[in-house]
Each structure stands twice: as C-alpha cells, then as structure tokens.
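Comments concern the structure below.
Chain A is the first sequence line, chain B the second, and so forth, proteins listed ahead of strands; every chain is numbered from 1.
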Protein chains: 2
Amino acid sequence: MSKQSVQIQRGGGCCTPISVAALDPQAAGEGAAVFKALSDPIRLRLMSIIASAGEQVCVCDITPHFEVSGPTISHHLRVLREAGLVDCERRGTWVYYWPIPQRLKWISELLSVPENAVT
Amino acid sequence: MSKQSVQIQRGGGCCTPISVAALDPQAAGEGAAVFKALSDPIRLRLMSIIASAGEQVCVCDITPHFEVSGPTISHHLRVLREAGLVDCERRGTWVYYWPIPQRLKWISELLSVPENAVT
C-alpha cells in the first residue's frame with residue numbers, strides 16, 4: 001500500500017482537530033504536505049473547480065479558466081493528485097479529474113474549531 | 001482597516017465551501033496565503049500547540065518542543081501571525097500567543113464537504 005493510500009485512509013474521519021490536541025511531527029508533516037498543495041492560488045482555484053463541479057471534469061474545460069499554459073495547468077493538477085486531493089483518468093484525448101472528498105474532509109476536520117470558540 | 005482585518009472578518013462564517021462553488025481569483029489568493037502559512041511542518045505543529053493549549057502560550061514553553069533555534073521559531077510564529085492565524089502580546093521578557101479561531105473556522109469551512117459526499 002502506498003504512503004498516499006495510507007494517508008487517504010487515515011483521512012476518513014479519525015483525526016483529532018488541532019484545536020483539541022497538538023500534532024506529532026509525523027502528522028504535522030502529512031498535513032503540511034496537503035496544505036502545501038493548496039498554497040498556490042492557481043492550484044486552490046483548480047481544486048475548487050474540480051470539487052464543485054458535481055461530475056468529472058475534462059481538463060479541456062479547466063484550461064480556459066486560466067491565463068497560464070496547458071503544461072502549467074497539468075503540473076498543478078499533478079501536485080494536487082500527488083497530495084491525494086484529486087484523481088484522474090485518461091479517456092481518449094483528454095484527462096478527466098474528480099475530487100477525493102475523504103481527503104478534503106480530513107484536512108477540514110483537522111482545522112475545525114468548537115462552535116463555542118468562535119465569538 | 002488592514003487587509004488582514006478584512007480577511008478575518010470575512011472568516012466569520014460567510015464563505016462558500018469549495019465543494020459548492022469555485023473560488024474567484026481573489027478568494028483563491030486569500031485562501032492560498034493561509035494554506036501557505038500552514039504548509040510547513042514546524043509551523044503546523046506550532047499552530048496546533050497554540051490552538052490546543054486552551055490558554056495563552058508563552059514562547060518559552062513552545063521552543064523546547066522543537067529542535068530548531070529560538071529565532072527560527074520566532075520567524076515561523078511571525079508567518080502564522082501575518083496569516084491571521086494567531087496573535088500575540090509581549091509581557092515582560094516573554095511573548096504570549098493565542099489562536100484566532102475565526103480564521104481557523106474560515107479555512108476549515110472552505111474545505112468542508114457534505115456528509116453524503118464521503119462514502
């Protein structure tokens with residue numbers, strides 16, 4: 001099983017929010033790697049386009065949203081994929097992307113705060 | 001009002017999750033900047049120590065958790081503060097830190113997914 005698979009499995013809802021317990025170095029490394037993938041404005045927009053589409057998204061429909069080259073978009077999509085946030089499949093000429101909601105849920109819960117902590 | 005203040009105010013709960021709607025370039029830039037602050041393992045651990053403490057944390061109690069120098073810790077804490085994730089106050093010799101839960105809630109909600117999206 002790849003390291004990425006382990007992380008995704010872990011992302012199924014078992015993590016403790018940072019507002020409850022401090023992270024050990026290993027967990028911090030795993031979380032930081034995902035945040036790094038989302039730390040670029042183009043990648044975060046790409047992630048939001050794929051996550052909100054409600055269906056698999058053809059890269060041919062993604063590229064026109066950006067003023068950067070196709071290869072640059074492909075590079076950013078690869079970073080998202082390596083972080084376990086999206087997956088993809090080639091069909092004929094085009095590659096189609098979809099989000100991995102377990103992974104988003106994991107990092108969302110990692111950052112969650114109790115309702116009574118927000119005034 | 002500073003740009004950071006505007007972002008924190010916005011973080012009060014008004015953002016739409018990326019699983020619901022794609023981000024515009026400005027929102028993506030704001031979100032990516034916060035994720036960048038969390039994209040380093042040391043900073044993410046620092047954030048978790050401060051967020052989980054339940055009280056203001058003296059920098060003198062943070063530094064012993066890490067094998068890097070005090071100035072390095074101070075640098076990382078400054079990055080977290082500039083991202084609006086923590087704030088601090090000097091009292092005598094030491095600086096005390098606390099989390100800004102509205103900011104954590106904002107980025108947590110940005111990444112949240114509907115329960116029925118996670119199988």
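Heavy-atom minimum distance, A22(B) versus S48(A): CA-OG, 3.4 Å. Across every non-hydrogen atom of P41(B) and A28(A), the tightest pair is O-CB, 3.6 Å. The shortest non-hydrogen separation linking A32(B) to D40(A) is CB-C, 3.6 Å. Counting all heavy atoms, side chain and backbone alike, G31(A) lies closest to L44(B) at C-CD2, 3.7 Å.
With a threshold of 4.5 angstrom between heavy atoms, P25(B) approaches chain A through its backbone and through its side chain.
With chain A as the partner, the residue from R45(B), K36(B), M47(B) showing the most heavy-atom pairs under 4.5 Å is R45(B). In terms of heavy-atom pairs under 4.5 angstrom with chain A, the leader among L46(B), I49(B), L38(B) is L38(B).
Cluster annotation: V68(B) and V59(B) are assigned to the same hydrophobic cluster (Ile/Leu/Val/Met/Phe/Trp/Tyr, side-chain heavy-atom contacts under 4.5 Å, transitive). If you chain together hydrophobic residues whose side chains sit under 4.5 Å apart, F66(B) and V95(B) fall into the same group. Residues V20(B) and L23(B) are members of separate hydrophobic clusters, defined by side-chain heavy-atom contacts under 4.5 angstrom among Ile, Leu, Val, Met, Phe, Trp and Tyr. Side-chain heavy atoms closer than 4.5 Å link hydrophobic residues (I, L, V, M, F, W, Y) into clusters, and following such links, possibly through other members, connects Y96(A) to V57(A). Both L80(A) and I73(A) belong to a single network of hydrophobic side chains, linked directly or stepwise wherever heavy atoms of I, L, V, M, F, W or Y lie under 4.5 Å apart.
Atom CD1 of I107(A) is separated from atom CG of L111(B) by 4.5 Å, given to the nearest 0.5 angstrom. How far CG of L85(A) is from CD1 of I18(B): 8.0 Å, rounded to the nearest 0.5 Å.
A distance-only check finds no donor-acceptor pair linking the side chain of S19(A) to the backbone of S52(B) [under 3.5 Å]. Listed for the S39(B) side chain is no donor-acceptor partner under 3.5 Å among the backbone atoms of S39(A).
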